[in-house]
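Below you'll find the structure, written out as structure tokens, and then a few comments.
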2 protein chains.
Amino acid sequence: MALTRNTKAQEEVLKLMQETPHTLTVDEICEKIPLQVNKTTVYRMLERFVAAGKVHFITSSDGKAHYALCTSCKHQHTLHNHIHFQCTACGTVDCLPDKVEIPVLPGYQMKETQFLIIGICTKCAAVGKE
Amino acid sequence: MALTRNTKAQEEVLKLMQETPHTLTVDEICEKIPLQVNKTTVYRMLERFVAAGKVHFITSSDGKAHYALCTSCKHQHTLHNHIHFQCTACGTVDCLPDKVEIPVLPGYQMKETQFLIIGICTKCAAVGKE
DNA sequence: AATAAAAACGCAACATAGTTGCAAAATATT
DNA sequence: AATATTTTGCAACTATGTTGCGTTTTTATT
């Protein structure tokens, strides 16, 4: 990847991600974006963003990829030590500020981490109590 | 699920899982099992095992489910605080003995956890150095 | 041992997430 | 404006996992 180019589609996707407080799937991006963008394009776009370190993704327990901007983790990373929370009630996946201590694994080469907790998020838990 | 019954297929799957030091996908189970068992059957079987707490699964970053017996975590659980390692070279996913400190998340209800580290496992890293 | 109820199974068809190849459009540079 | 390269859209495809339903197997009971 020698050069990158700015396109309307990319701008819109980044803008949507900035405005959204939780992670997004490719389908959600395609639905919510004002501009019509093909899903293949979104997949490839996100692939580039991930490679560039702008975006990270977390795979939910049902196997779907959820993307988010790399905000809490500035600088150089790939090793995302914050926690993601998947709510089985509303389906959203959030990046939480809480960090996990990544253990040292002698002999292993770490490239990426995915810490996921599945359960009921604060909003849905509150609704359940009413 | 009022009652459960023992079947050859279930025995064989459990036996295979006991003999295998790493996690297994449904396809791997279907391939490696001496008895011929339909994939749907294996899916439903594992679903039962997971519900019964005999087996847990971890979703790899590419979205596939990898199953393993619950050994390191005896007793009652669902909250698996050990780490899984996904090797991008050989493709295997292992349960590591290393534990993660699960943070307290006020307002959230935790049901399940999935801690995954992606990289190169000890075996593949050693081969790479030769 | 025969019977009956329920669990477990197999098959086929389906659903969905993600991928690939290729031609067309958009972008940056000269 | 011309060019080279990136980015996009489309269509077809792959793979994982699911669903419905009829059949077989297991288990408890008679």
Side-chain angles (χ1 to χ4, degrees), chain A residues 1-16 23-52 54-68 86 88 91-93 114 116 118, chain B residues 1-17 23-52 54-68 86 88 91-93 112 114 116 118:
Chain A
M1 184 181 59
L3 198 67
T4 62
R5 294 176 184 184
N6 281 336
T7 62
K8 280 267 188 300
Q10 289 183 147
E11 267 178 46
E12 290 288 346
V13 169
L14 287 173
K15 193 181 158 205
L16 174 64
T23 64
L24 289 166
T25 64
V26 168
D27 276 357
E28 286 170 342
I29 291 173
C30 289
E31 280 171 24
K32 294 185 182 173
I33 211 171
L35 200 69
Q36 178 143 335
V37 184
N38 188 274
K39 69 167 181 175
T40 305
T41 301
V42 177
Y43 274 111
R44 293 200 262 229
M45 200 183 287
L46 290 168
E47 204 178 319
R48 274 176 260 141
F49 292 161
V50 169
K54 280 185 191 174
V55 164
H56 70 280
F57 74 97
I58 175 88
T59 310
S60 56
S61 61
D62 55 352
K64 287 166 199 154
H66 298 250
Y67 296 86
Q86 174 188 352
T88 53
T92 58
V93 175
Q114 298 210 350
L116 180 67
I118 298 121
Chain B
M1 183 182 60
L3 199 68
T4 63
R5 294 173 184 187
N6 283 334
T7 63
K8 281 265 188 302
Q10 289 184 142
E11 268 178 43
E12 290 288 345
V13 170
L14 286 173
K15 193 180 158 203
L16 174 65
M17 293 181 88
T23 64
L24 289 166
T25 63
V26 167
D27 275 359
E28 286 169 343
I29 291 172
C30 289
E31 280 172 24
K32 294 185 182 172
I33 211 171
L35 198 71
Q36 177 142 337
V37 184
N38 189 274
K39 69 168 182 172
T40 305
T41 301
V42 176
Y43 275 111
R44 292 201 262 229
M45 199 183 288
L46 290 168
E47 202 177 321
R48 271 176 261 142
F49 292 161
V50 169
K54 281 185 189 174
V55 164
H56 70 281
F57 74 97
I58 176 89
T59 310
S60 56
S61 62
D62 56 351
K64 287 168 199 154
H66 298 250
Y67 296 86
Q86 175 188 352
T88 53
T92 58
V93 175
E112 201 186 322
Q114 299 209 351
L116 180 68
I118 298 121

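Chain identifiers are assigned alphabetically (A, B, ...) following the order of the sequence lines, protein sequences preceding nucleic acid strands; residue numbering begins at 1 within each chain. Bear in mind the structure is a predicted one, so any value in this text is a computation, not a measurement.
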Seminar exercise, completed: Here the residues of residues 8-17 of chain B within 4.0 Å heavy-atom distance, strictly under, of DNA chain D are none
Problem set entry | Rounded distance (Å) that lies between atom P of D/dT18 and atom CG of A/Asp62 | 9 Å
Exercise. Can you list the residues that meet the side-chain contact (heavy atoms from CB on, under 4.5 Å) rule with B/Thr41, with sequence neighbours excluded?
Worked result: B/Val37, B/Asn38, B/Met45
For this session: Tell me what B/Val37 touches on the nucleic acid: a base, only sugar-phosphate, or nothing, going by heavy atoms under 4.0 Å.
Result: sugar-phosphate
Exercise. With sugar-phosphate meaning primed atoms plus P, OP1 and OP2, does B/Thr40 contact a base, only sugar-phosphate, or nothing at under 4.0 Å between heavy atoms?
Worked result: base
Exercise. Between A/Arg44 and A/Thr25, who's closer to the 5' end of DNA chain C by nearest nucleotide?
Worked result: A/Thr25
Exercise. Where the side chain of B/Thr7 is defined as all heavy atoms beyond and including C-beta, which of D/dT7, D/dT27, C/dA8 is the nearest nucleotide?
Worked result: C/dA8
Exercise. Between A/Thr23 and A/Ala68, what is the shortest heavy-atom contact and its length?
Worked result: CG2-CB, 3.7 Å
Exercise. Listed by chain and number, what are the side-chain contact (heavy atoms from CB on, under 4.5 Å) partners of A/Thr7, not counting sequence neighbours?
Worked result: A/Ala9, A/Gln10
Problem set entry | Side-chain N,O (A/Asn38) to OP1/OP2 (D/dC10) below 4.0 Å | yes
Problem set entry | Of the listed nucleotides C/dT27, C/dG10, D/dG9, the one nearest the side chain of B/Thr41 | C/dG10
Problem set entry | Sugar-phosphate, base or nothing in reach of B/Gln36, heavy atoms under 4.0 Å | sugar-phosphate
For this session: Could you tell me whether the phosphate oxygens of D/dT8, OP1 or OP2, come under 4.0 Å of any side-chain nitrogen or oxygen in A/Arg48?
Result: yes
